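Order of the sequence lines sets the chain letters (A, B, ...), proteins ahead of strands, with each chain counted from 1. Predicted model, so just to flag it, every value in this text is computed and none were measured.
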Amino acid sequence: MEAARNTLQEKSAHREQGNTPAIPGCFENGQPILVEPDSDFVRRIGRRSGDAFMKCMQCGTCSATCSLSSDVNPFPRKDLAWARWGMKDRLLRDSDIWLCYQCNDCSARCPRSARPGEVLAAIRQECIVNFSAPSFFGRWMQRPQFIPLLLGIPVALLALALLLVGPIEDALGITRSLDGQILFTYSSMFPHWMLNSFFAFFSLLTLIVVISGILRFWRAMKSTIPRERYVNPARGLGASILSTLKTVFIHDNFDQCTIARPRYVSHLCVFFGFLALAAVSLWVITAKINPMVRGDFIYPFGFLSPWKILANLGGIALLTGLVLMMWDRFRNDELVGPGSYFDWSLIATLSMVVVTGFMTEALHYLRLEPHRHLAYFVHLVFAFTVLIYLPYSKLAHLVYRTTALVFAEYTGRTSVGGVNGDNLLQRDTIDAEEQTKAVAK
Amino acid sequence: MEDKIGVFICTGYGIAEALDIEALCKVATDEYNVAYCKTVESCEGAGLKAINEDIKSEGLNKVVIAGISPRQYRENDFPQEIIVEKVAMREHVVWCQPPNDEDTQMMAADYIRMYIVKVQKAEPVEPFQSEETIDKSILVVGGGITGMTAALDTARAGYEVRLVEKSDKLGGWLAKQHMSIPTKPPFRELEDTGIDALLAEIEANPRIKTYTSSYTSKISGAPGLFDVTLSSNGNGTSSEMVDQFRVGSIIQATGWKPTDPRDNLPYGKLDNVILNVDLEAMIKEQGRITRPSDGKEAKNIAFIQCGGSRAKEHHSYCSSICCLNTLKQALYLRGQGDDAKAYIFYEFIRTPGQFEDFYRRVQEDPNIYFTRGEVAEITAGDDGTLQVTAKNTMPGEQIRVKVDLVVLAAGMKPNSADGEMIRALEEAKVTVKEGESDIQRGEAAKKVEELKHHEGTEILNLGYRQGPDLPALEYGFPDSHFICFPYESRRTGIYPAGCVRQPMDGLGSRQDAAGAALKAIQCVEMTSRGEAVHPRAGDKSYPDFFLQKCTQCKRCTEECPFGVLNEDEKGTPLLQATRCRRCGICMGACPERIVSFKDYTVDMVASMIKAVVVPEEYDEKPRILALMCENDAIPALELAGQHRLQYNPFVRIIPVRCLGSVNSVWVTEAISAGYDGVIMIGCKYGDDYQCHFIKGSELADYRGENIREKLQQMSMENERVELHQLQINEYYRIPEIFENFHKEVIEQFGMNPFKGM
């Protein structure tokens, strides 16, 4: 029996010599790995992608349509196989899942309606939960029953801040110098010193979570590639970041979408609208310490102030983009996907931010008291919600996708399979040549 | 009764426009003195009616109709007692030759001559009537799902059935199943096997007589007259006769056994590596799946597909059922707890037909993991677990899983015996004892060694000269014309059904059982009327042996593909007419030409050959005889006509029942009559043969040796005789075959020097 087993091993060892190299992303490189499938992971991915991906029969139609796929890296086919086998560790470390913009060509062409695009989105969701600490926030973000709790936290924190305004002002002897001069400002309700320091504090917390997420994610991705590729990167880190930012700004990856073409427009609107609003907010928050801001005229902006115009345009762009997104999810759900709860919750929150923002603005110009304060409070709650849950919500994609894109640039994984593929193909060619020589001898 | 021959020539179908009809009539009346020659406008509808009226009023008993192909007529177009020959003047002449041409006219005249000679030589056919009454009861061998269903179906149709089962109770593999795969839409949930209902129905049916623990120790006779002896299985040493009775036909539903696992899988070496059938037995018995090593409940199982099949040298065929069975057993396991996991390693998942839905349903279970891959290694781990390593998998290059149990999907191999091989073994044994030379004995001993594994495998124990069981193919599946005639075997009246015939699931087995039941009923009914059963269904002629002239050469008894002829001690053929398929292979085999049918004899075809007028050598009009198989070559020729393909005008075609019925004397007759060459066109032969009579065209090729010898004696070139294999859809090759023969053979070797002698 011992002898028989040895022969068996010999046989298999012999066969392995002729093996093709391992699939990129499979860091084990030919060594068998013990698989202990995580069936909860399989269930979760199934639930979040329309319970269809188990129908996948590994035909490879998705890989044939995907521009990210190469001969040796059958994306997203391999990811579907890994997902079906509950190989969570491997999937979460795979930078490929973030190179996908869910153009949904694969879902539209899948003969089994397994919706690979949706599956990848679900995996990205898992990735966010996994890398953004603490992870229970991420898990809460996945389930509608946590809405009251998740909204309750910003409400409570803001209310607490409001309650603390008086006592702190008294204790520290702060007077609202600016506020006294101008009528009808919101600062009578929420003084700027409080607002700014409150938001600045939580922005800092968020930033810490984001940075730790980025570092953990980077390390995880790093473990999937051979050491030499990391030590001798395809390009420098700075160059990789610049190139990635360029890609993000011009949306050239969205531009490649065919079936889900409307995504390009809607995401572009949301992206620049969000950016404009963020810029205006930053300008306002930093106004006092910014040497570029002259004098005391900043608050409130007049209707024709360039900042106000930028903010209004940004708001309109954001709203337009969001409406387009919703429209697509209703009208073209067969093509772009109906959207998961995770996806819808971000759209809804951002919509609330922009709608309450406009309401506050309108009420402000109409001088309607005290409605405008109520609207302002609600607006602050939603804006604060977006901010503090950034690392856990779908908005975290701006962190992880950017990181993955930088990583891909850095290690030479470009959008067409790139270096990975080339290396392996070269190896194949050499093998073939050697074999030919051996035969000739 | 004196012959009164009438000739009818159709003027319709473009025949009158292309041929000189009067001249053709003259051939009949002047050369052959036929009593009656008439033109008719058509040989269908009103024309047909007119012909029938003339037959009656003129008192004709033999008729030649030159018009459309015989295949265009219906069975009862003419009274039974009248001999009617139909000349395909339209398909064979008018459509394929230029109109109003000298050669075309000569061809048409030759066909008139040939068929007048043919009717002259033909005698009225009388169906074979056995002296004993044809028994219409049916024997079903094997009491599994196929056998039970076949018995019930046959009994419901009103026939007496005897159902024989080797083991002590009916049910076969069905009784060993815990649950059945889904058999009806939406094909999602496992079902009860339904065995109890089936058994109760058989029990309650008064037409079915069941014998268990019995086997057919002897079956002699022929369809309609099979004498069956049943014996008890005993305890291996003693075996008593249980019953003796007569049946009309037999359904062999002896089922299957699991194939042995591949050599590289450690079955039998590791306790926790079992077969799919073992798992089924385990769950049937215990209601749960455990590890054989320590009886602990199995939580994780690796299923390895094609564990006993589809390897190059190890049952390379797909059994079509193992995948479904594995899906079913994976669901058994999933019933054992929410954390139970099934890993399925496959080469190809094959779930034929609607079972695709079942596959999808199993895929939906998140704890059933599928991957394509090849199992590289199975090793024993600690605490009784096993580690299965697979390569070329979909999740990655190589993966390893830890499991409690490995289940190998064993395929199906038929429970059959190869009658021909058993007979060859017996003959070799006799030669070892009585052989004439040392070399002969040595070779026979080698053969005995080679065939030894067939010893004691008999199932039916038929009293046939050609062996005690059905002849089998490579993997033991009974030989038949697989594509066209699924339930047929090479023994008339014996119909294999179910997994002995082809691997299939329970649903397929039931359908197969119904099919075989219909065949068995067809057999007893047609046999009782003295008609051929298959494939010349309804043919009433049968071979007649003029035994006074027999030289006991045994060629007919050896060559008949259907074991029709037994032998007496001297080697004289003993005809069992109801076994016969009327192909005429015995007629082609017989060197003494003692075999004949009433409507098909060696002399008749020889006379047709000689009836053709062969022009003198200097006329530059060669004559080529084409003997073409009625089953595929002649329909192909008619297709060529329908496509208006033009072919060589010097060819004269004679349809034959099978190329195997071609007697070498026809070739020598043709050459001495002045033909310049002979072409034989038959069905494809070899492993994937298409011959309706299994061996006919192959035998014709094999007998070519005799023909070549005879040609040599006549100092003629071998190339003047050619054999071609033609598939029915290859009609376009026919003109090419004729033309090439004319160009390459006749022009190379010149005209036949025997012309005009």
Charged N to carboxylate O under 4.0 angstrom, Glu356(B) versus Arg112(A)? yes
Does the Lys NZ or Arg CZ of Arg84(A) fall within the cation-pi geometry relative to Tyr369(B) - under 6.0 Å from the ring centre and within 45° of the axis? yes
Sub-3.5 Å donor-acceptor pair from the side chain of Trp85(A) to the main-chain atoms of Met394(B), do we have one? no
At what distance, to the nearest 0.5 angstrom, does OG1 of Thr393(B) lie from CD of Gln58(A)? 10.0 Å
So CD of Glu364(B) and CZ of Phe53(A): to nearest 0.5 Å the spacing works out to 11.5 Å
One option among Pro37(A), Ala81(A), Ala52(A) has the most heavy-atom pairs under 4.5 Å with chain B, and it is Pro37(A)
Shorter than 4.5 Å, heavy atoms on both sides: which option in Ile349(B), Asp365(B), Asp339(B) has the most such pairs with chain A? Asp365(B)
Gap between atom CD of Glu36(A) and atom CZ of Arg400(B) - 0.5 Å precision: 12.5 Å
Is the count of non-hydrogen atoms from other residues, nucleotides or ligands lying under 6.0 Å from Lys296(B) atom NZ greater than 12? no
Rounded to the nearest 0.5 angstrom, the CG-CG distance for Asn367(B) and Asp40(A) is 8.5 Å
Nearest heavy-atom neighbours spanning Gln363(B) and Cys56(A): NE2-O, 3.4 Å
Should Gln387(B) and Leu34(A) be marked as a side-chain contact (heavy atoms from CB on, under 4.5 Å) after you check the CA-CA gap, both sets of side-chain angles, and the distance that decides it? CA-CA 9 Å; Gln387(B) 288 208 331; Leu34(A) 190 65; 4.0 Å; yes
NZ/Lys257(B): more than 12 non-hydrogen atoms of other groups inside 6.0 Å: yes
State, to 0.1 Å, how close Val35(A) and Val401(B) come at their nearest heavy-atom pair, and which atoms those are. O-CG1, 3.9 Å
Contact winner vs chain B - Met57(A), Arg77(A), Lys55(A), heavy-atom pairs under 4.5 Å: Lys55(A)
Enclosure of Arg216(A) CZ (heavy-atom neighbours >12, cutoff 6.0 Å): yes
